[in-house]
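Read the structure below first, then the notes.
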Amino acid sequence: MNQLYNHREIEKKWQDKWDNAQVFKSATNPKNKKYVLDMFPYPSGSGLHVGHPEGYTATDIYCRYLKMSGFDVMHPMGWDAFGLPAENYAIKMGVHPKVSTEQNIKNFTRQVKSFGFCYDWEREINTSSPEYYKWSQWFFLLLYKRGLVYKKKAPVNWCNSCNTVLANEQVVSGKCERCESEVVKKDLEQWFFKVTAYAEELLSNLEKLEWSDALKIMQRNWIGKSNGAEIDFQIKDSDKLIKVFTTRPDTLYGATYMVLAPEHSLVNELKDKIENFDEVAKYIEITNKKSELERTELNKEKTGVELKGILAINPVNQKQIPVYISDYVLGSYGTGAIMCVPAHDERDFEFAKKFNLPIIKVIESDEKFNENNAMELSGTMINSEEFNGMKSEEAKEKITRRANGKLTTQYKIRDWLVSRQRYWGAPIPIIYCDTCGTVPVPEKDLPVLLPDDISDFRPTGKSPLETSPSFKNVKCPICGKDARREYDTMDGFVDNSWYYYRYLDPKNEQEFCSKDNIKNWMPVDTYVGGSEHAVGHLVYSRFFTKVLRDAGYLDFDEPFLKLINQGLILGEDGQKMSKSRGNVVNPDEVVNEYGADSFRMYEMFMGPLEDSKPWSTDGIKGQRRFLDKVFQYFYNFQYGENKDDKLLNLLNKTIKKVSDDIENFRFNTAISSLMIYFRELSKFEKLSKEYIDNYIIMLSCFAPHLAEEIWEKLGNKDFVCLQNWPKYNAELARDEKIKLPIQINGKLRDTIEVDAEIDEEKLKQLILSREKIKKYADGHEVLKFIYVKNRICNIILK
RNA sequence: GCCGUGGUGGCGGAAUUGGUAUACGCGACGGACUUAAAAUCCGUUGAAGGCAACUUCUUGUGGGUUCAAGUCCCACCCACGGUACCA
């Protein structure tokens, strides 16, 4: 009689039991700590995506394994609840963001809990709660105190649909990462965090992290370090200078013109001297109207306008060269102005061709130099007076000195724009007083609460906080006179740049986290999440940690030692899951129909964690089938005294394989070995405890509910998740007899079972006397006999 | 364009890091059970040829190194991800 495995009953039962017994509570005084962190989710309105439990199952298996192996594990979960998605959802549904966020968190909690993950729920955090965002505001003040926050009017990314500014990291190929509308530039006064102050360290410390090379390279490119020189060009008949940054000071003798970014301040300063200012002004206006996307469009023909009447003087040879403005020069990088060497820079070359500017070669290289291209390699100097004949690399420093320039370094990374003209975020803790100016809110007055007396959260381009009378007016903390608060709120990324500290001390009202707790648990040993945060969250978190270190709160440099990026789970059609494609898989339905254990097993079995892979409903059925068989087998099983050497050998191999695989996050092959062992195991009716218990313990990481149920059925006390992880015995895992493949001239012709310790000469005799081999070998001379121990044998015949 | 990752059966993938390619799972086909279907169980399953034992071919393409290549080297093609005139 087949006994059905009732996942709904069993999973609920064990989740409650774990809860009541508080088995996943983390230690207060860890000796042997491991901090395993998941990227916490945005509690969006659409509920959990099947991609979430992929990473969460991976860390869950790992944590269960670590616990059973004797480690004190920190494994928390929480909600990244502030930010645009939560607010946009609330506006759409016509409710207060607080209400919808609470609903969503409730739903997410139910969903996450349905998988039986071993989180310590007492540490749950919610970034939109005042107890949490008080400390986000405190971080703002800490940075302010340390000179790492400033307010500046600057051209910033503006999303016309979300009606707010965006950080560079939130602009994806010229579009808003949230709503995909085109992003335009606007001149606005905004708050920035000075991430650039740590650019060099953010770059150099990457080396000591156990992150994938791909991810490190992404960060390296984002930080974008370039070594070069700053050189001043005097403007003729003026006391003004054009300062340029170049990575190729060696090409200075080849500079035939200069270009300023259209937004460069010199353009206005030189207004009176520019003979064609009308034309120039028109060009600037057209540029301003362009969206970021249009301006950076690929293969666009170069445009620009000469500043007539303006000439710059090359500091090395006093040559007078024309000055242009063009949108191929960015105002935000370097000095916003460049010297142009068309012979040795592709973009300058294109521009020079179009405007008929002279092209002077100053470097020769062995490589062939096509007349339709710029030669961008290094080589030997020519046309450069006393530097001729010198290696160009060597000339860089010498020419810089000759030009009175200085060697410098530039980074692509920009300071982090943190102001948002939206409601659902932590208010920026700043007060504006007519007498005292910009005044930070005193720490004792934190948190600055989000006001409740706002009815309309729709984005208008100005923060909705401005419409709240209770929020707006405040007394100046210094002089006590009437003042007003900053209306803008902070980017949600501010909240999630430090959440991994708060988990360690979530109820502390005096500090963001006590020093003891930081010492006990940080840094994070293993961090798992999607690669979409490669340059945003992961850069900001590293920045926050470095600031905390310099402020004396901690003594390490990096928050996340090891990082694993799980791949995307695609729809059954191989495309990215989306509502419009109709290929979204709802985890609730899957858990309800097949159970959390089947879901967990399936997602781990799909393939390597890091890979993107398509969902398959048949695939999850297969896992359910396997678990059914396991349940079936153990349902009526009773321990006996029976032993079997072959099975014991396989058990020890399986323990080794599964342990290694879990430590390296290779869960697909771990499950495969668990299946292979079960196939052999199930051939026996009775077996002694070790064949069974060790197996159930291993299985409990992957299918914890089922494993507990079987464990209990077999009459065992206590939870299976509190058992010790099995140790493998190398002696028992070794094979005495091995199957050896035999090749003749590299082709497989035979296999032979031999003693593992057989010596080569004996083996050779044995093999050459075999009928199958004789058939090939007779009449041929054996040129070579290759034996790779326990691997293969290859006979080379003449 | 540049940078990165990857191309293995009908599908997801495995391969001890240079040593029996296709483990494990899915699907498909055949059989058992059933009035029938589902579920379950047993068997077959890279391709081609042969009644057969067996033979030949096969890891994106083309070369190379080696006793031996999915794995190493060179060239190319394709897919995915990142980036976007960064001077």
Side-chain angles (χ1 to χ4, degrees), chain A residues 2 4 172-174 212-222 224-226 228 244-248 251 259 261 292-293 295-300 302 326-330 332-341 344-348 350-351 410-414 531-532 534-535 565 567-568 570 572 574 601-602 605-608 610-623 625-626 628-629 632 657 660 666 668-676 679 739-751 783-797:
Chain A
N2 281 359
L4 278 181
V172 177
S173 39
S212 72
D213 287 338
L215 186 59
K216 286 188 193 179
I217 288 168
M218 253 192 246
Q219 287 217 350
R220 234 169 251 143
N221 290 343
W222 189 260
K225 179 177 181 175
S226 309
V244 303
F245 172 75
T246 175
T247 54
R248 297 297 300 274
T251 62
V259 175
E292 187 76 341
L293 201 65
R295 214 177 137 171
T296 57
E297 205 180 343
L298 199 64
N299 293 336
K300 188 185 62 171
K302 298 259 178 299
S326 170
D327 64 4
Y328 85 92
V329 173
L330 306 174
S332 48
Y333 180 79
T335 60
I338 59 171
M339 66 176 213
C340 300
V341 186
H344 303 291
D345 181 281
E346 201 54 55
R347 297 151 302 178
D348 297 346
E350 241 178 82
F351 191 90
Q410 280 289 332
Y411 299 90
K412 284 190 218 173
I413 193 170
R414 309 290 155 73
S531 59
E532 68 271 23
V535 290
N565 283 132
L568 281 178
L570 307 168
E572 207 137 7
M601 291 279 285
Y602 173 60
F605 187 68
M606 288 172 91
E610 287 93 335
D611 289 5
S612 289
K613 51 234 162 218
W615 180 268
S616 153
T617 301
D618 283 329
I620 192 163
K621 283 183 189 160
Q623 294 305 310
R625 195 141 49 204
F626 170 69
D628 275 332
K629 284 186 220 171
Q632 195 58 228
K657 174 81 177 144
D660 285 353
R666 288 190 304 241
N668 53 332
T669 49
I671 291 174
S672 161
S673 348
L674 288 173
M675 287 173 164
I676 293 170
R679 194 175 58 198
K739 262 195 191 148
L740 195 69
I742 301 164
Q743 297 182 330
I744 291 173
N745 292 339
K747 279 193 173 151
L748 181 75
R749 295 301 183 192
D750 199 4
T751 51
L783 281 183
K784 231 173 172 180
F785 183 85
I786 297 155
Y787 174 50
V788 184
K789 202 181 163 197
N790 293 356
R791 270 289 105 83
I792 204 164
C793 186
N794 194 2
I795 303 163
I796 310 306
L797 297 176

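Below, chains carry the letters A, B, ... as their sequence lines are ordered, and counting in each starts from 1.
For the OP1/OP2 pair of B:G25 and a distance below 4.0 Å, the side-chain nitrogens and oxygens of A:Tyr602 include no atom meeting the criterion. At B:G12, none of the side-chain N or O atoms of A:Lys613 fall inside 4.0 Å of OP1 or OP2 (strictly under the cut-off). Not one side-chain nitrogen or oxygen of A:Ser612 sits closer than 4.0 Å to the OP1 or OP2 atom of B:G81. Between A:Lys412 and B:C85 there is no side-chain N or O to OP1 or OP2 distance below 4.0 Å. A:Arg749 has a side-chain polar atom (N or O) that falls below the 4.0 Å cut-off from OP1 or OP2 of B:U55. The side chain of A:Asn221 places no N or O atom within less than 4.0 Å of a non-bridging phosphate oxygen (OP1 or OP2) of B:G4. Residue A:Arg625 has a polar side-chain atom (N or O) positioned under 4.0 Å from OP1 or OP2 of B:G27.
Closest approach of A:Tyr328 and A:Cys340 over heavy atoms only: OH-SG, 3.7 Å. Considering every non-hydrogen atom in both A:Ile671 and A:Gln623, the closest pair reads CG2-OE1, 4.2 Å. Of all heavy-atom pairs spanning A:Arg248 and A:Met339, the tightest one is O-CE, 3.7 Å.
Between B:C77 and B:C67, the two C1' atoms lie 32 Å apart (nearest whole Å). B:G31 and B:G64 have their P atoms separated by 49 Å, given to the nearest Å. Comparing B:G62 with B:G43, their P atoms sit 39 Å apart, to the nearest whole Å. As rounded to the nearest Å, B:A69 and B:U8 have C1' atoms that lie 14 Å from one another. Atom P of B:G13 sits at a distance of 16 Å from the matching atom of B:G81, rounded to the whole Å. Using P as the reference atom, B:A84 and B:C11 are 36 Å apart when rounded to the nearest Å. The C1' atoms of B:U56 and B:U71 are separated by 24 Å, rounded to the nearest whole Å. Rounded to whole Å, the P atom of B:A87 lies 29 Å from the corresponding atom of B:C80.
What separates CG of A:Asn745 from P of B:U66 is a distance of 16 Å, to the nearest Å. Following rounding to the nearest Å, A:Ile786 (CD1) and B:C67 (C1') show an atom-to-atom distance of 3 Å. The distance from atom CG of A:Asp750 to atom P of B:U55 is 11 Å, rounded to the nearest whole Å. Going from atom CD of A:Glu532 over to atom C1' of B:G4 covers 17 Å, rounded to whole Å. Atom CZ in A:Arg791 sits roughly 8 Å away from atom P in B:U20 (whole-Å rounding). If you measure from atom CD of A:Gln623 to atom P of B:C26, you get 8 Å, rounded to the nearest angstrom. What separates CG of A:Asp345 from C1' of B:C85 is a distance of 9 Å, to the nearest Å. Computed from coordinates, the A:Asn565 CG to B:G4 C1' distance equals 13 Å when rounded to whole Å.
The residue A:Val244 sits apart from the nucleic acid: no heavy atom pair falls under 4.0 Å. A:Lys629 comes within 4.0 angstrom of the backbone, heavy atoms only, and of no base. If you check every strand for non-hydrogen atoms under 4.0 Å, A:Gly224 touches nothing. Residue-level contact check: A:Lys747 touches the backbone only, with heavy atoms under 4.0 Å from sugar-phosphate atoms and none from bases.
For A:Thr751, the side-chain atoms get nearest to B:U20 when compared with the rest of B:C24, B:U20, B:A87. Here B:C67 is the nucleotide among B:G12, B:U56, B:C67 with the atom lying nearest to any side-chain atom of A:Ile796. Residue A:Arg679 places its side chain closer to B:C24 than to any other of B:G19, B:C24, B:C85. Distances were taken from every side-chain heavy atom of A:Met675 (C-beta onward) to each of B:G25, B:G19, B:C41; the shortest belongs to B:G25. You'll find that the side chain of A:Ile217 is closest to B:C3, out of B:C3, B:A87, B:C41. Distance from the side chain of A:Pro741 is smallest to B:U20 among B:U20, B:G13, B:C24. The side chain of A:Tyr333 has B:A87 as its nearest neighbour among B:C85, B:G19, B:A87. Considering only the side chain of A:Thr247, B:A87 comes nearest among B:A87, B:C3, B:G25. With B:G19, B:A14, B:C24 as the candidates, the nucleotide lying closest to the side chain of A:Ile676 is B:C24.
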Practice task
Could you give me the CA-CA distance, side-chain angles and deciding distance for A:Asp348 and A:Ile338, then say whether side chain to side chain contact (heavy atoms under 4.5 Å, CB included) is met?
Solution key: CA-CA 10 Å; A:Asp348 297 346; A:Ile338 59 171; 3.9 Å; yes
Problem - Stepwise side chain to side chain contact (heavy atoms under 4.5 Å, CB included) test for A:Asn745 and A:Ile796 - result: CA-CA 5 Å; A:Asn745 292 339; A:Ile796 310 306; 3.8 Å; yes
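In this structure, A:Lys784 and A:Met606 both approach RNA chain B, and ranking their closest nucleotides by distance from the 5' end singles out A:Met606. Residues A:Asp348 and A:Ile792 both approach RNA chain B. Their nearest nucleotides, taken by heavy-atom distance, put A:Ile792 toward the 5′ side.
A:Tyr602 places a side-chain N or O within donor-acceptor distance of the main-chain N or O of A:Ser616, the cut-off being under 3.5 Å. In this structure, the side chain of A:Ser673 engages the main chain of A:Thr669 through a donor-acceptor pair within 3.5 Å. A:Ser212 places a side-chain N or O within donor-acceptor distance of the main-chain N or O of A:Leu215, the cut-off being under 3.5 Å. Side-chain atoms of A:Glu572 never come within 3.5 Å of backbone atoms of A:Pro614 as a donor-acceptor pair (strictly under, hydrogens ignored).
The base of B:C85 lies close enough to the side chain of A:Lys302 for a donor and an acceptor atom to sit less than 3.5 Å apart. The base of B:C26 is not paired with the side chain of A:Asp618 by any donor and acceptor separated by under 3.5 Å.
Within the 4.5 Å cutoff, the side chain of A:Arg414 has heavy atoms near those of the A:Tyr333 side chain.
Partner assigned to B:U44 is B:A28, using Watson-Crick or G-U wobble distances below 3.5 angstrom. With a 3.5 Å ceiling on both atom-pair distances, B:U65 lacks any Watson-Crick or G-U wobble partner. Under the Watson-Crick or G-U wobble criterion, with both distances below 3.5 Å, B:G18 is left unpaired in every strand shown. Taking a pair to require two hydrogen-bonding distances under 3.5 Å in either a Watson-Crick or a G-U wobble arrangement, B:G6 pairs with B:C78. B:U34: no Watson-Crick or G-U partner with both key distances under 3.5 Å is found in any strand. When Watson-Crick and G-U wobble pairs are counted only if both distances are under 3.5 Å, B:G49 pairs with B:C54.
Against the 90° criterion about 0, the sugar-base torsion of B:U17 places it in the syn range. Glycosidic conformation of B:G70: anti, with the torsion beyond 90° of 0.
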